[in-house]
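Keep in mind that what you see is a predicted model, and the values were worked out from it rather than measured.
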Amino acid sequence: MNSENIEKYKNTFDEYDVTIPGYFKIQDLNTFTMFSSIQSEHNLIENAVEIGVYYGRGVVHLSNLDYKHVLGIDLFENQIENISQSGKCDENTYDEVLKYLNQYGISEKVELIKCNSMTINRDKLQNVSFFHIDGGHSYSESYSDLLICSNNAIDQSIISMDDMFNADWPDVSAATSQFLINNKKFRAILFSGNKIYLCRDDMYLFYKSEIVKYCDKNNIHMFDGHQIRFLNSNIIKI
């Protein structure tokens, strides 16, 4: 983990600093760091994939964590395929991402691919222990990205779905809920910020225990009111 880069990068998350456009918040940065730390501690760290790069706030941070290789997938200027018109880019966005990676990340760890996630070569999705989905926000796009990630998941994979609680994008919540109803191999493990995090059912107790330990060790507040129940899972909220 490149702590020096991370501290420098955190300065761009000041509410008055819009160095890098986007919606990836400091809470997301901290939660991604937590999962990377847990996976590293238990020798579960592999590669990371982000669907929906936009200007790179997420992929920059992933590059500073312990993941061996980071793949970023985005339509970039090919917005004709952006059904929901979420996270619209232009012809300059790809170069902007490269600039931010060179400034705040580890660019040599990152591979950016201009394509629709539905057409990504499965060979690019090998040994991925962390997926971040922030692509198309229609029901069909969201559900498709969940299927792509779950079909290529390994035992320890975490799947992060953005905008689960964003009232502007209700299709994301609907698609994620239906995915969990249809696919019993995955369970929701964490709510944090505007994201929901999923893991394999047989890793649920492991991750739940490790998240609690990590939060206790790092003085991270966990929601301590009533238990949060979601589709037959007890969900941690931080």
Side-chain angles (χ1 to χ4, degrees), residues 22-24 28 31-32 35 47-54 57-59 62 70-76 78-89 112-204 207 228-233 235 237:
Y23 310 98
F24 186 82
D28 305 322
T31 306
F32 282 29
F35 278 113
N47 302 320
V49 168
E50 180 172 68
I51 297 176
V53 174
Y54 198 43
R57 287 176 76 105
V59 82
L62 287 170
V70 179
L71 177 68
I73 305 165
D74 201 294
L75 291 169
F76 290 109
N78 189 23
Q79 291 298 303
I80 194 170
E81 296 182 48
N82 187 350
I83 298 171
S84 60
Q85 295 296 288
S86 60
K88 293 176 68 176
C89 299
L112 298 177
I113 296 181
K114 298 181 183 182
C115 78
N116 190 316
S117 58
M118 296 183 192
T119 66
I120 189 69
N121 187 327
R122 183 166 179 166
D123 289 342
K124 294 288 187 181
L125 304 177
Q126 298 297 308
N127 297 319
V128 179
S129 56
F130 191 89
F131 293 91
H132 177 219
I133 302 174
D134 191 11
H137 281 34
S138 69
Y139 183 96
S140 61
E141 290 168 319
S142 299
Y143 199 91
S144 173
D145 285 340
L146 282 164
L147 285 179
I148 289 165
C149 293
S150 62
N151 288 339
N152 291 281
I154 54 179
D155 290 344
Q156 66 265 37
S157 293
I158 292 290
I159 300 175
S160 167
M161 172 60 87
D162 186 57
D163 280 331
M164 177 66 180
F165 309 106
N166 190 334
D168 292 333
W169 303 107
D171 277 11
V172 175
S173 180
T176 306
S177 299
Q178 192 61 56
F179 169 81
L180 288 168
I181 290 169
N182 293 346
N183 193 329
K184 303 302 183 185
K185 292 181 179 180
F186 285 85
R187 293 173 73 175
I189 181 67
L190 178 71
F191 294 144
S192 179
N194 206 27
K195 300 184 191 297
I196 186 172
Y197 295 80
L198 317 179
C199 67
R200 284 189 180 274
D201 178 68
D202 55 4
M203 293 293 285
Y204 171 82
Y207 275 121
I228 300 173
R229 294 284 295 173
F230 182 73
L231 297 178
N232 296 321
S233 288
I235 312 299
K237 182 180 184 299

Nearest heavy-atom neighbours spanning [X] and [Y]:
| X | Y | answer |
| --- | --- | --- |
| Asp171 | Tyr139 | OD2-N, 3.1 Å |
| Ile120 | Cys115 | CD1-SG, 3.9 Å |
| Cys149 | Phe131 | SG-CD2, 3.4 Å |
| Ser192 | Thr31 | OG-OG1, 2.8 Å |
| Leu125 | Ile148 | CD1-CG2, 3.7 Å |

Is it the case that [X] and [Y] place a side-chain donor and acceptor less than 3.5 Å from each other?
| X | Y | answer |
| --- | --- | --- |
| Asp163 | Asn194 | yes |
| Glu141 | Ser144 | no |
| Asp145 | Ser117 | yes |

How long is the straight-line distance from [atom2] of [Y] back to [atom1] of [X], given to the nearest 0.5 Å?
| X | Y | atom1 | atom2 | answer |
| --- | --- | --- | --- | --- |
| Ile133 | Ser142 | CD1 | OG | 8.0 Å |
| Tyr204 | Ile235 | OH | CD1 | 5.5 Å |
| His132 | Ile159 | NE2 | CD1 | 12.0 Å |
| Lys185 | Cys199 | NZ | SG | 14.5 Å |
| Leu112 | Ile73 | CG | CD1 | 10.0 Å |
| Leu198 | Leu146 | CG | CG | 6.5 Å |

Pair up each side-chain donor or acceptor in residues 172-180 with any protein partner under 3.5 Å, not counting sequence neighbours, and list the distances.
residue : atom : partner : partner atom : Å
Thr176  : OG1  : Val172  : O            : 2.8
Ser177  : OG   : Ser173  : O            : 2.9
Gln178  : NE2  : Asn182  : OD1          : 2.9

Practice task
Apply side chain to side chain contact (heavy atoms under 4.5 Å, CB included) to Tyr23 and Asp134, showing your working.
Solution key: CA-CA 10 Å; Tyr23 310 98; Asp134 191 11; 5.8 Å; no
Problem - All ring pair (Phe, Tyr, Trp, His ring centres under 6.0 Å) counterparts of Phe191, not counting sequence neighbours - result: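 With neighbours one apart ignored, the set is Phe165, Phe230.
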Exercise for the section: Report yes if the side chains of Leu190 and Lys237 come closer than 4.5 Å at any heavy-atom pair, otherwise no. Expected result: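 The answer is no, as the side chains (C-beta and beyond) never meet within the 4.5 Å cut-off.
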Practice task
Report yes if some heavy atom in the side chain of Ser233 is under 4.5 Å from a heavy atom in the side chain of Leu231; otherwise report no.
Solution key: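 No, every pair of side-chain atoms sits at 4.5 Å or beyond.
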Exercise for the section: Evaluate ring-ring contact (aromatic ring centres under 6.0 Å, His included) for Phe130 paired with Phe32, printing each intermediate quantity in order. Expected result: CA-CA 9 Å; Phe130 191 89; Phe32 282 29; 4.7 Å; yes
Can you name the residues that form a salt bridge (Lys or Arg N to Asp or Glu O under 4.0 Å) with [X], not counting sequence neighbours?
| X | answer |
| --- | --- |
| Asp162 | Lys195 |
| Lys124 | Glu111 |
| Arg187 | Asp201 |

Exercise for the section: List the steps, then state whether side chain to side chain contact (heavy atoms under 4.5 Å, CB included) holds for Tyr54 with Phe24. Expected result: CA-CA 10 Å; Tyr54 198 43; Phe24 186 82; over 6 Å; no
Practice task
Among residues two or more places apart or on two chains, list those pairs meeting side-chain hydrogen bond (donor to acceptor under 3.5 Å, both in side chains) that have a residue in residues 146-158.
Solution key: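 Qualifying pairs: Arg122-Asn152.
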